[in-house]
There are 4 protein chains.
Amino acid sequence: MPTTSTDPSQAEPGKRSRRKEARPGELLDAALDLFVEKGFAATRVEEVAARAGVSKGTLFLYFPSKLELFKAVVRLNIAGRFDEWKLELQTFEGSSSELLRYCFTVWWERIGSTKASGITKLILSEAGNFPEIASFYRQEVIEVGQDLIRCILQRGMASGEFREVDMNYAIYLVLAPMIFLMMWRHSIGMCVPDELGITPEGYIRLQVDNILQGLCVRAQPPSPSTP
Amino acid sequence: MPTTSTDPSQAEPGKRSRRKEARPGELLDAALDLFVEKGFAATRVEEVAARAGVSKGTLFLYFPSKLELFKAVVRLNIAGRFDEWKLELQTFEGSSSELLRYCFTVWWERIGSTKASGITKLILSEAGNFPEIASFYRQEVIEVGQDLIRCILQRGMASGEFREVDMNYAIYLVLAPMIFLMMWRHSIGMCVPDELGITPEGYIRLQVDNILQGLCVRAQPPSPSTP
Amino acid sequence: MPTTSTDPSQAEPGKRSRRKEARPGELLDAALDLFVEKGFAATRVEEVAARAGVSKGTLFLYFPSKLELFKAVVRLNIAGRFDEWKLELQTFEGSSSELLRYCFTVWWERIGSTKASGITKLILSEAGNFPEIASFYRQEVIEVGQDLIRCILQRGMASGEFREVDMNYAIYLVLAPMIFLMMWRHSIGMCVPDELGITPEGYIRLQVDNILQGLCVRAQPPSPSTP
Amino acid sequence: MPTTSTDPSQAEPGKRSRRKEARPGELLDAALDLFVEKGFAATRVEEVAARAGVSKGTLFLYFPSKLELFKAVVRLNIAGRFDEWKLELQTFEGSSSELLRYCFTVWWERIGSTKASGITKLILSEAGNFPEIASFYRQEVIEVGQDLIRCILQRGMASGEFREVDMNYAIYLVLAPMIFLMMWRHSIGMCVPDELGITPEGYIRLQVDNILQGLCVRAQPPSPSTP
DNA sequence: TATGAATGAGACTTCATTCAT
DNA sequence: CATGAATGAAGTCTCATTCAT
């Protein structure tokens, strides 16, 4: 009977506790952190194991190789958040402008501001080394995400709210600011944690404002400035 | 800018000795390509040497370590083209809208479409591993580049052509599309060389159109569809 | 030979408890198979346990280490069947030629064609790594077996049936074909299960014929082609 | 130009001498010794390298993996000794009995008594782990060797010197004593280096005598006893 | 200067062994 | 007794770096 303790590693049931269900998740979390932080090659499996609180050997009990661990991290962190979004999109009742703004907000809450954003940075950084993963990501994430964006834009054009633009390029009006922000925060942005006066929310608001200014047939007034 | 010379072998600076002098450059070119494509860790110095046509030992004659080679690649490729640009900006005679579009065009010709764009991809990808390089890049390139963008925007606002927006965020209206395109082409974009219907030029045009639509007090009509 | 029992679970010595007592034997059987097939080093204890139908931990309940398991396998499988043989030899009533042929037959039935032959293959293969086992085997098996062969040959020479030959070498006329066949079947022979036209029985017959042809003072005619 | 010296490590031209041509051979020799002595799995590459006088990394300069090193050892030590033998066989001028005895003698000199014999032991021991190598050995060595034996026996039968026997089995009259001796000397035989009174030559003589006694239509008198 | 053979620290991975349940 | 999750020493292989030629 371990003593009760206030430590977050909470009443651990002994060094060699049997937690088969919990292990993979802990390892994947640790791996996500480290892969994002240091890249695939520079991350040592021993470090991943240590951060998950287990030994090197234990990691290989759950993942047959470092590469498979990497793939599992990618898979876990991108898996089907899109279905949920698609549903929200289809049942959204406001204007298309509001929908687009809502889309950015939700993206930021669920992806952009979370560890999941690190995955994108990771994939873009390592695409050259793992074409297999890159094209997997392309199909499973990029394509699906672009479809979502396309739906929103088409909704706006169909209702006459947005002007007609070449859809293949218009998608990037939405995609580029998102991808950029994720890359930026996980690279250059890391050096200057609190750049005075710059917040992700402010960045997003101006980007959305600008997209809508350019896109709307009757330009809506830009949202009031940040407090 | 090699000088033209006739005798490759003797007392004058011929082919051989020129080659000799050119070695570091060839190595840096090869290294840039490989670092961009595969990242720092996954690039083997032997490969760099081979691509430059020399032996592994020779590489270490010019660069004391792999890390120094990396730094040299970064240093060489971010060397300021900004003075030249600043001059062009200050002597530009058209409208600020035209200037902004011109700025994008020039950027694409001199940076975006050239190997130089690879350095941005490289830095962003490896920022986590080499913070000192990242912050060096931040100071030498990002800050200066942002200044340039700021000047353009201020010119437009001062003349009443652009509406007033928070400059700290507005900068990213210009920066994000540029950075995104460079990252994209060097990562995910590499898998699908000629995605039908998508050209960098088209991408840039729509981005600029949109920025100007959102920025101009009297929205100029978007540029005609095809050049 | 399991007894039929109705209740697998309770107070009587049913399936479960018998199984329990049988465990070491099942482990040793499984280990013999795998050691023979793959050698000591390439055999994983987990595999042995799995083949015996128990977990890895259980194996270590019965055998303190892999090496001890190995030794136990060897010990079990070389345990003297020789006393029995010696008796048969001493009470044999036919000619020495018949005795020799009988000896081969019995050897084939009881050793050569059974899993016991595997132990010889195992010992010879691993002798270099486990000299103590090898010399143990030498003393317990080889010496004793050679004695047996010596007795047979001496019986034949004493009765004038066999010509006089140097006993130290003559022993190998009998031993070599036996050892060879065991090694062969457990190594190269495994690749080609039914090499057309070659049977162990045929091999043995010709070997015996030849030995007797060479050994007998009045060469007996070789045995007829087929049984 | 190495200086003449009495030391076997002969005026070594420096620690890091360039001996690209010599290295593979030295490594293969060392590997042969160790593989034969300890088996494939129990041999560590570092040990092989050390015995060859180089570092671990150097070994991988010449052989891409431990398995490839193993294959190279096998290939080197079995390659084309057979062509030479075939020629000798076809031009042999004595009786078939003499030829058979000569064949044993030559085999002993060139294979049996040399390190090459270790290869056979090695293959038979490891056949289970490397079916690929086993079948390679079977085709390249066993088949060819059996052909050679077959030729000799057919020569004897054709000339009426040997009686007719089923060739498929007769081959093993010759093969078995050879294989046995090689296995024996590299396993059990290693424990007792100089077993008094037993020499390989004596073993071979008696085996040949016995084969010929059994095979010849007019049994030739056995060769006189060993001095 | 240029070479490329050689090095050895360090990474991934395996597996005999332990031990809490 | 039995289990199987966990461990960590040990082995294979890589690659930046050195240095004799």
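Lettering follows sequence order; numbering is per chain, from 1.
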Under a 4.5 Å cut-off applied to non-hydrogen side-chain atoms, are [X] and [Y] in contact?
X      : Y     : value
B:V73  : B:F35 : yes
A:L28  : A:L69 : yes
B:D33  : B:R51 : yes
C:N129 : C:F40 : no
C:F130 : C:K71 : no

Whole-Å gap separating [atom2] ([N]) and [atom1] ([X]):
X     : N      : atom1 : atom2 : value
C:E68 : E:dA16 : CD    : P     : 15 Å
A:F35 : E:dC12 : CZ    : C1'   : 12 Å
A:E26 : F:dA5  : CD    : C1'   : 13 Å
A:F70 : E:dA11 : CZ    : P     : 19 Å
C:K38 : E:dT14 : NZ    : P     : 14 Å
D:L59 : E:dG8  : CG    : P     : 15 Å
C:L27 : E:dA16 : CG    : P     : 14 Å

* Does CD in A:E132 sit with more than 12 non-hydrogen atoms of other residues, nucleotides or ligands closer than 6.0 Å? ->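 Counting other residues, nucleotides and ligands, CD of A:E132 stays at 12 neighbours or fewer.
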* Would the number of heavy atoms belonging to other residues, nucleotides or ligands and lying under 6.0 Å from CD of B:E46 be above 12? ->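 No, CD of B:E46 has 12 or fewer neighbouring heavy atoms, counting only those of other groups under 6.0 Å.
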* To do: Just jot down the salt bridge (charged side-chain N to carboxylate O under 4.0 Å, His left out) partners of B:E47, sequence neighbours excluded, or say none.
  =>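 B:E47 satisfies salt bridge (charged side-chain N to carboxylate O under 4.0 Å, His left out) with B:K38, B:R44 once adjacent residues are dropped.
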* To do: Examine F:dA6: is either OP1 or OP2 under 4.0 Å from a nitrogen or oxygen in the side chain of A:Y62? Give yes or no.
  =>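 Indeed, a polar side-chain atom of A:Y62 lies that close.
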* Backbone N/O of A:T43 and side chain of A:K66: donor-acceptor pair under 3.5 Å ->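 Yes; at least one donor-acceptor contact below 3.5 Å.
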Pick out the pairs of N or O atoms, protein on one side and nucleotides 12-15 of chain F on the other, that lie under 3.5 Å.
residue: F:dT12; atom: OP1; partner: D:T43; partner atom: O; Å: 3.4
residue: F:dT12; atom: OP1; partner: D:K66; partner atom: NZ; Å: 3.0
residue: F:dT12; atom: OP2; partner: D:V45; partner atom: N; Å: 3.3
residue: F:dC13; atom: OP2; partner: D:K66; partner atom: N; Å: 2.8
residue: F:dC13; atom: N4; partner: D:K56; partner atom: NZ; Å: 2.9

* **Consecutive-pair stems (3 or more, Watson-Crick or G-U, under 3.5 Å) for DNA chain E** =>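 Ordered by first number, the stems with DNA chain E (at least 3 consecutive pairs each) read E:2-21 with F:2-21.
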